[in-house]
Each structure stands twice: as C-alpha cells, then as structure tokens.
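All of these numbers come straight from a predicted model, not from anything done at the bench. All values below come from the heavy atoms of this structure, side chains included, with hydrogens, waters and symmetry mates left out.
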Amino acid sequence: KERLSVGCLRFEALATPGHTVGHVAYVLDAAPFGGPPCLFSGDLLFLAGCGRLFEGSPETMLASLDAAVSLGEDTLLWPGHEYALECLGFARLLEPDNAALERKLRWATQRRQDTRSTCPSTLGEEQSYNPFLRTHRRELHEALGLARSSGESRDAFRARVLKEVRRRKDLYKAT
C-alpha cells in the first residue's frame, strides 16, 4: 500500500505474492486525468492468463488475484508480457462455448496479425474469459471435472481449481 509519485503520476504498490513471494503490482490513479485506475500487473495477471507459481501457493495467488479484481471492473489491465494469443488459446480448451472468449480471441488474433498490442484489457472483461479469474464459475468446474468436497471451504475449493488450471496451463503447448 506504499504510495509513490513519478512527476504528476501517483501510484500505489500492491503486494501480489504468488508468482514470487515478493511480487508487486502497481495501481495508477488516473482520476486526475479523467481515466479509470490502471493496474500494471507484472507477472500476476495477463490477458486471459496469470503467472506461473514459482514461489507461491495456489492460495496465495488466489488472494492476490482477488485483490486485483477488487480494484473494480473498469480498471485497465497492463500486463508485463504480451501472451494474449497463447493464453486465449488455452482458455478456449477449457471453455469452448464461452462467447466472450471467442470474440476476444478473434479480436486478439487480428490485432497480433496487424502487429498491434492487445493491451489494455479491463478487469471486468477479464472476468468473462480469464480462467484464472473464473475459479468460482460452475462452467469451469465442470470443464475441469472438479466438485467441491463436503466440508471444503469455498476459498479452499477455488484454490484447488486454480491449482488445476495452472497445472494444465503449465503443460499446454500452443500450436
């Protein structure tokens, strides 16, 4: 929650462990410029993806992703890498009937063919197709063949879903 300024820009540091234990993202307050907040997510969150769990646990990553989402649906997402096509292709394997995902994949494919960036996205948009932000969605649970165990807390189940999505993404090879 430390605040820093660069010229007239005001940022807040957001501790987001999961990818690494010391991972930090930055939130730009764009209100003075008439814009929405901007999340510079580094390796926490990508368009349709999230960073590998090098040092963190699924529980820790889930808490960091939830903290990012709590910034609001209009928050612009500026990830640290351009992995959109790979991440969208993977997400499509999990939810092939997701219309928002299909539209975003077509759009991103055209953008990349035109050698243009796919950034930014919004956190609201990401929640409609990013499997790492959909750990609460029945559609994803069914796609993964997972069900909440008797006595398992909602967050423990969501962390288990996240762990399985991450495991599958780690094995995924884009074609």
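A48 and E126 make their closest contact through N-OE1, 2.7 Å (heavy atoms, listed as atom of the first residue, atom of the second, distance). When every heavy atom of C87 is checked against every heavy atom of G49, the shortest pair comes out as SG-CA, 3.8 Å. Between R158 and T135, the closest heavy-atom pair is NE-OG1, 2.9 Å. The two atoms that bring F90 and P131 nearest to each other are CE2-CG, 4.4 Å, heavy atoms only. Residues A84 and T118 come closest through the heavy atom pair CB-OG1, 3.3 Å.
Aromatic ring centres of F157 and H136 lie farther apart than the 6.0 Å criterion allows.
No side-chain donor-acceptor contact under 3.5 Å links R103 to the backbone of W107. Within the 3.5 Å criterion, the main-chain N or O of L71 finds a donor-acceptor partner in the side chain of T75. Formation of a donor-acceptor pair under 3.5 Å by the E95 side chain with backbone atoms of A91 is not found in this model. When atom types are taken as modelled, the side chain of R160 and the backbone of A147 share a donor-acceptor pair closer than 3.5 angstrom.
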Next item on the list: Determine, stepwise, if the pair M61 / K163 fulfils side chain to side chain contact (heavy atoms under 4.5 Å, CB included).
Entry: CA-CA 9 Å; M61 180 62 94; K163 181 179 181 179; over 6 Å; no
Check: So F132 and R166, side chain to side chain contact (heavy atoms under 4.5 Å, CB included) or not? Walk me through it.
Finding: CA-CA 8 Å; F132 297 97; R166 185 69 255 173; 4.0 Å; yes
Margin query: Let's go through L101 and L88 carefully: what are the C-alpha distance in whole Å and the side-chain angles of both, what is the deciding distance for side chain to side chain contact (heavy atoms under 4.5 Å, CB included) to 0.1 Å, and is it a yes or a no?
Written below: CA-CA 7 Å; L101 171 58; L88 287 162; 3.5 Å; yes
Next item on the list: Mind running side chain to side chain contact (heavy atoms under 4.5 Å, CB included) on V24 and L14 for me, showing each step along the way?
Entry: CA-CA 6 Å; V24 176; L14 184 64; 5.7 Å; no
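The CG atom of L9 sits 10.0 Å away from atom CG of D29, with the distance rounded to the nearest 0.5 Å. Rounding to the nearest 0.5 Å gives a distance of 7.0 Å between CD of E125 and CG of L47.
Qualifying side-chain contact (heavy atoms from CB on, under 4.5 Å) partners for E55, counting only residues two or more places apart in sequence or in other chains: T20, V21.
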Table please: side-chain donor-acceptor pairs of residues 32-46 below 3.5 Å, with sequence neighbours left out.
| from | atom 1 | to | atom 2 | distance (Å) |
| --- | --- | --- | --- | --- |
| S41 | OG | L45 | O | 2.6 |
| D43 | OD1 | H81 | NE2 | 2.8 |
| D43 | OD2 | H19 | NE2 | 3.2 |

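A side-chain donor from one of D114 and Q110 sits under 3.5 Å from a side-chain acceptor of the other.
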